[in-house]
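Predicted, not measured: the structure shown is a model, and the values here were computed from it. Sequence lines set the chain letters: A, B, ... in the order given, protein chains first and strands last, and positions in each chain run from 1.
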Amino acid sequence: MRNLSYRIKGQPVLIHVVESEQDIPQFEDWISRHRIAGFDTETTGLNWWDAGRGFRIRLAQFGNGAETWVIPVERGPSFRAVVVEALHRLEWLVAHNGTFDLHVVEACLGIPMEELAPKMWDTSLLAHLVDPRGVKEKGPGLKLEELVKFYIDQQTAEEVKGSMTAIAKRYKTTKEKIWALVELFDEEYLLYAGMDPALAYRLFQLLYRLVPIRSKERGLIGWEHRLSHVTAKLERTGYLIDVGYAERRCEELTAEEEKWKAVAKTFGVENPNSNQQLIEAFQGFGVKLTKRTKPSKNHPNGQLAMDDDVLSGVGHPLADAVIKAKKAGKWRKTWFERALNGRDSDDRVHASINSLQARTSRMSISGSIPAQTFPSGDGYVRHTFLADEGHVSCSIDFGNMELRYLAAFSRDSTMLDAFLSGKDLHQITADAAGVVRKIGKMANFLTVYGGGWAALMEQANVDEETARRVLDAFNETYPGVGAFGKKLAAEARKTGYVWTATGRRLPVDPGKWFRALNYFIQGGSRDVTARALLKLDAAGFTPYMRLPVHDEIVFSFPEREAAELSQEAARLMEFPVQGLLIPADAEIGGRSWGSILDLANSKH
DNA sequence: GACTGAAGCACC
DNA sequence: AAACGGTGCTTCAGTC
């Protein structure tokens, strides 16, 4: 046994490192005397889906705020066995981002996440319920180091955060590669590993008390945990990809990028991605550039803008080439190469779904399938993603989710009536303002976002007078919406928070009280989708679910049953808020996700 | 090489 | 009185 020690604000943390089989009984004794423990794993990387193709678990750590154990799982079956036994035995586990550890334990140690998930407490979920703001939003943050810095001790946080970087430097390698390379019994590594369960455990004790009583009473702690287990199962299932299709698009886009880069070169631009080079080139051709980016620290007046709007306005062949070259490169890397590089041995890709991420509580999807930002105009990107063999793709989306949510809670009679009697809300707004439907629609959404006339001016490309008139008309048509927004803003001004209807406390930035309405709607709508995921899970739909995308859930259904299953799923998803139904509509396509969009487009 | 801020673009 | 909410990814450019 090797014993290490660390001090957090003067309090000792004892770290026992199991070195040989003779040390195991002491660990077993500790486990037998504890019902709950902080838990963490160290692995060779983040690609848990590649267990058997190089991904390994290296260490497993257990402990509480004062004493932890590091088990060298990599050393062989007896160490694996003792970890498996401990995991079976403990009644509760505490982990930060425990979803990752669930994947690791399942893939490497064979314990199904269905067994461990129900007894796991995740400090990242508690932290979000306490304060959802990241460090950049002047909040505590959501990462372990950030939370330790905010809630426990700054010095500890910095040492833990810096340690793997320091080890990487010592090994003369990168932070990305160090996880697989570091010597298993490297003292600094053991210290880093051993501290993690202690910190998670301490955070759990602190954060649990800080979760607002109102959130607890509404059962949000358990609810968010159950939800994260559903999204963990979706991550595990993954999404089958059409490798040939993605590879063809990559080749196509590479050729496209090369072609337009060559054109840019003939105008003296080596790198179309460099705005500096572009500005220089255009000014050399006598083009007058006026649009500026927003003011920042280093550029109080903003810099000359070089976005799509500017480029398509200059009317020069270089601009056209730059737009096309940039787009081809970005699309290839972001959509197709990400999917190809992330696939497992069965050609499935596994997104990282953070079920509770945004400061409004919206989910985020990142990694190999950044699905929330997939181009939606046609199926070009989404064709990459396939329903399973013998299955078809199906998308079920909520209709007018956020606007219905707004109508339901503002109780504005015109807006409620529009939805209850199936009228066209965007047209009603347009008619009231004397503009086309498209601008009416913009005004409706702008209200959800808290935008003013200046934003409408920019977005709809109308003059100030028109923009003001449209918003005035909106306010006259739906007086209940303005009143509701004012009520939430006043509450935010008084308390600093807006509470969602689901009992979630969301901080609002000082002076930005108008955002309270958006947070209420965005957070509440997310909870409607979250509720749908839980309902679908309970009804046995999880094996068919692929991804949630804000107001939509994507499925892979067996072809023969697709019609029935999609209707059943849609009925489960639908939910009346304050008596107003948020309907769900199923669209069935062919094999690929993209085929749904193609079918929808061909209808017009 | 790692990190950060900013710009730009993809979405709901 | 005045105000476009929330994300993720890639790249550049500057700093340490």
Side-chain angles (χ1 to χ4, degrees), chain A residues 132-137 161-162 164-166 168-169 172-178 271-278 291-299 302-311 322-323 326-327 329-335 337-338 351-352 354 357-377 380-382 397-398 400-403 406 442-443 445-459 468 471 485 489 498 506 508-509 511-523 525-526 529 548-552:
Chain A
R133 293 173 300 171
V135 171
K136 279 179 187 147
E137 286 96 44
K161 186 176 162 60
M164 286 314 286
T165 313
K169 207 167 208 173
K172 296 190 178 18
T173 183
T174 63
K175 216 184 153 187
E176 197 192 338
K177 290 180 184 156
I178 190 62
N271 182 0
N273 283 312
S274 167
N275 286 356
Q276 277 180 8
Q277 287 184 29
L278 292 175
K291 186 178 175 183
R292 305 195 78 89
T293 61
K294 66 166 198 294
S296 65
K297 227 191 278 172
N298 294 337
H299 304 273
Q303 303 180 76
L304 285 173
M306 198 38 72
D307 57 19
D308 216 50
D309 179 49
V310 173
L311 286 168
V322 166
I323 292 173
K326 274 166 69 171
K327 189 172 169 171
K330 171 90 189 274
W331 280 44
R332 170 170 56 83
K333 293 185 188 81
T334 311
W335 313 131
E337 283 183 355
R338 267 187 169 265
S352 178
N354 193 329
Q357 205 272 342
R359 67 177 294 172
T360 57
S361 79
R362 285 229 282 214
M363 301 179 215
S364 83
I365 306 179
S366 57
S368 309
I369 323 178
Q372 288 173 333
T373 56
F374 279 175
S376 60
Y380 185 69
V381 169
R382 296 175 203 225
D397 66 335
F398 289 106
N400 292 110
M401 189 187 222
E402 295 196 329
L403 284 168
L406 172 62
M442 284 178 188
F445 280 112
L446 217 57
T447 303
V448 174
Y449 297 151
W453 60 264
L456 185 62
M457 218 176 113
E458 172 87 6
Q459 196 183 326
R468 283 180 184 275
L471 290 190
V498 56
L506 302 176
V508 181
D509 287 353
K512 306 284 187 185
W513 312 120
F514 67 92
R515 292 179 180 165
L517 177 67
N518 175 259
Y519 290 5
F520 180 92
I521 299 168
Q522 200 179 106
S525 298
R526 173 274 189 190
T529 303
V549 188
H550 298 309
D551 61 350
E552 171 191 9

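- Relative to the side chain of Thr293(A), the nucleotides dT7(C), dC12(C), dA7(B) differ in distance, and dA7(B) lies closest.
- Among the nucleotides dG6(C), dT11(C), dG8(C), the one closest to the side chain of Asn273(A) is dT11(C).
- Contact between the side-chain N/O atoms of Tyr449(A) and the OP1/OP2 oxygens of dA3(C) is not found at any separation under 4.0 Å.
- Side-chain atoms of Ala305(A) lie closest to dG8(B) of the nucleotides dG5(C), dA13(C), dG8(B).
- Side-chain proximity of Lys136(A) to dG5(C), dG5(B), dG8(B): nearest is dG5(B).
- Contact annotation for Gly329(A): no contact, since no heavy-atom pair falls under 4.0 Å across all strands.
- Contact annotation: Thr360(A) side-chain N/O to dG5(C) OP1/OP2 distance is not under 4.0 Å.
- Remark: the Gln522(A) side chain and the dG5(C) base include a donor-acceptor N/O pair separated by less than 3.5 Å.
- Remark: side-chain polar atoms of Glu137(A) are paired, donor with acceptor, to backbone N or O of Gly134(A) under 3.5 angstrom.
- When all heavy atoms of Ala358(A) and Pro132(A) are compared, the pair lying nearest together is O-CB, 4.3 Å.
- Residue-level contact check: Leu517(A) touches neither bases nor backbone, having no heavy atom under 4.0 Å from any strand.
- Contact annotation for Lys294(A): backbone-only contact, meaning every heavy-atom pair under 4.0 Å involves sugar-phosphate atoms and none involves a base.
- Residue Asp551(A) places its side chain closer to dC12(B) than to any other of dG8(C), dC12(B), dG5(C).
- Listed here is the closest heavy atom pair of Met442(A) and Leu456(A): CB-CD1, 3.9 Å.
- The NE2 atom of His550(A) sits 12.0 Å away from atom CZ of Arg526(A), with the distance rounded to the nearest 0.5 Å.
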Find every protein N or O atom lying less than 3.5 Å from an N or O atom of nucleotides 14-16 of chain C, and list the pairs.
none

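- Residue-level contact check: Gln459(A) touches the bases, meaning some heavy atom is under 4.0 Å from a base atom.
- Ala371(A) comes within 4.0 angstrom of nothing in the nucleic acid, heavy atoms only.
- Counting any heavy atom pair closer than 4.0 Å across all strands shown, Lys172(A) reaches no nucleic acid atom.
- Using a 4.0 Å heavy-atom cutoff across all strands shown, Arg362(A) reaches at least one base atom of the nucleic acid.
- Backbone-only contact: Tyr519(A) has heavy atoms under 4.0 Å from sugar-phosphate atoms and none from a base.
- Side-chain N/O atoms of Ser274(A) include one lying less than 4.0 angstrom from OP1 or OP2 on dA13(C).
- Counting any heavy atom pair closer than 4.0 Å across all strands shown, Met363(A) reaches no nucleic acid atom.
- Of the candidates dG8(B), dA2(B), dG8(C), the closest approach to any side-chain atom of Thr174(A) belongs to dA2(B).
- For dC12(C), neither phosphate oxygen OP1 nor OP2 lies less than 4.0 angstrom from any side-chain nitrogen or oxygen of Asn275(A).
- If you check every strand for non-hydrogen atoms under 4.0 Å, Trp453(A) touches nothing.
- For Arg338(A), taking side-chain heavy atoms from C-beta onward, the closest of the listed nucleotides dC12(C), dG5(C), dC9(C) is dC9(C).
- Contact annotation: side chain of Lys330(A) to base of dC9(C), donor-acceptor pair present below 3.5 Å.
- For dG8(B), neither phosphate oxygen OP1 nor OP2 lies less than 4.0 angstrom from any side-chain nitrogen or oxygen of Lys327(A).
- No engagement by Glu402(A) is indicated, since no non-hydrogen atom pair under 4.0 Å with the nucleic acid exists.
- Between Phe374(A) and Trp335(A), the ring planes are perpendicular. Angles over 60° get that label, and only those under 30° would be called parallel.
- Heavy atoms of Lys512(A) sit nowhere under 4.0 angstrom from any nucleic acid atom.
- Which of dC12(C), dG8(C), dA6(B) sits closest to the side chain of Asn271(A) comes down to dC12(C).
- One distance of note links NZ of Lys294(A) with NE2 of His299(A); it measures 12.0 Å at 0.5 Å rounding.
- Here dG6(C) is the nucleotide among dC9(B), dG6(C), dA7(B) with the atom lying nearest to any side-chain atom of Arg359(A).
- Checking the phosphate oxygens (OP1, OP2) of dG8(C), a side-chain nitrogen or oxygen of Gln357(A) falls inside 4.0 Å.
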- prompt: After noting the C-alpha distance and the side-chain angles of Lys327(A) and Asp308(A), does the key distance pass the salt bridge (charged side-chain N to carboxylate O under 4.0 Å, His left out) rule?
  reply: CA-CA 10 Å; Lys327(A) 189 172 169 171; Asp308(A) 216 50; over 6 Å; no
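- A sub-4.0 Å separation between OP1 or OP2 of dC12(B) and a side-chain N or O of Ser376(A) is present.
- Among the nucleotides dA10(B), dG8(B), dA3(C), the one closest to the side chain of Pro375(A) is dA10(B).
- To the nearest 0.5 angstrom, Met401(A) atom CE is 12.0 Å from Ile521(A) atom CD1.
- Across all strands shown, Phe374(A) has heavy atoms under 4.0 Å from sugar-phosphate atoms exclusively, and none from any base.
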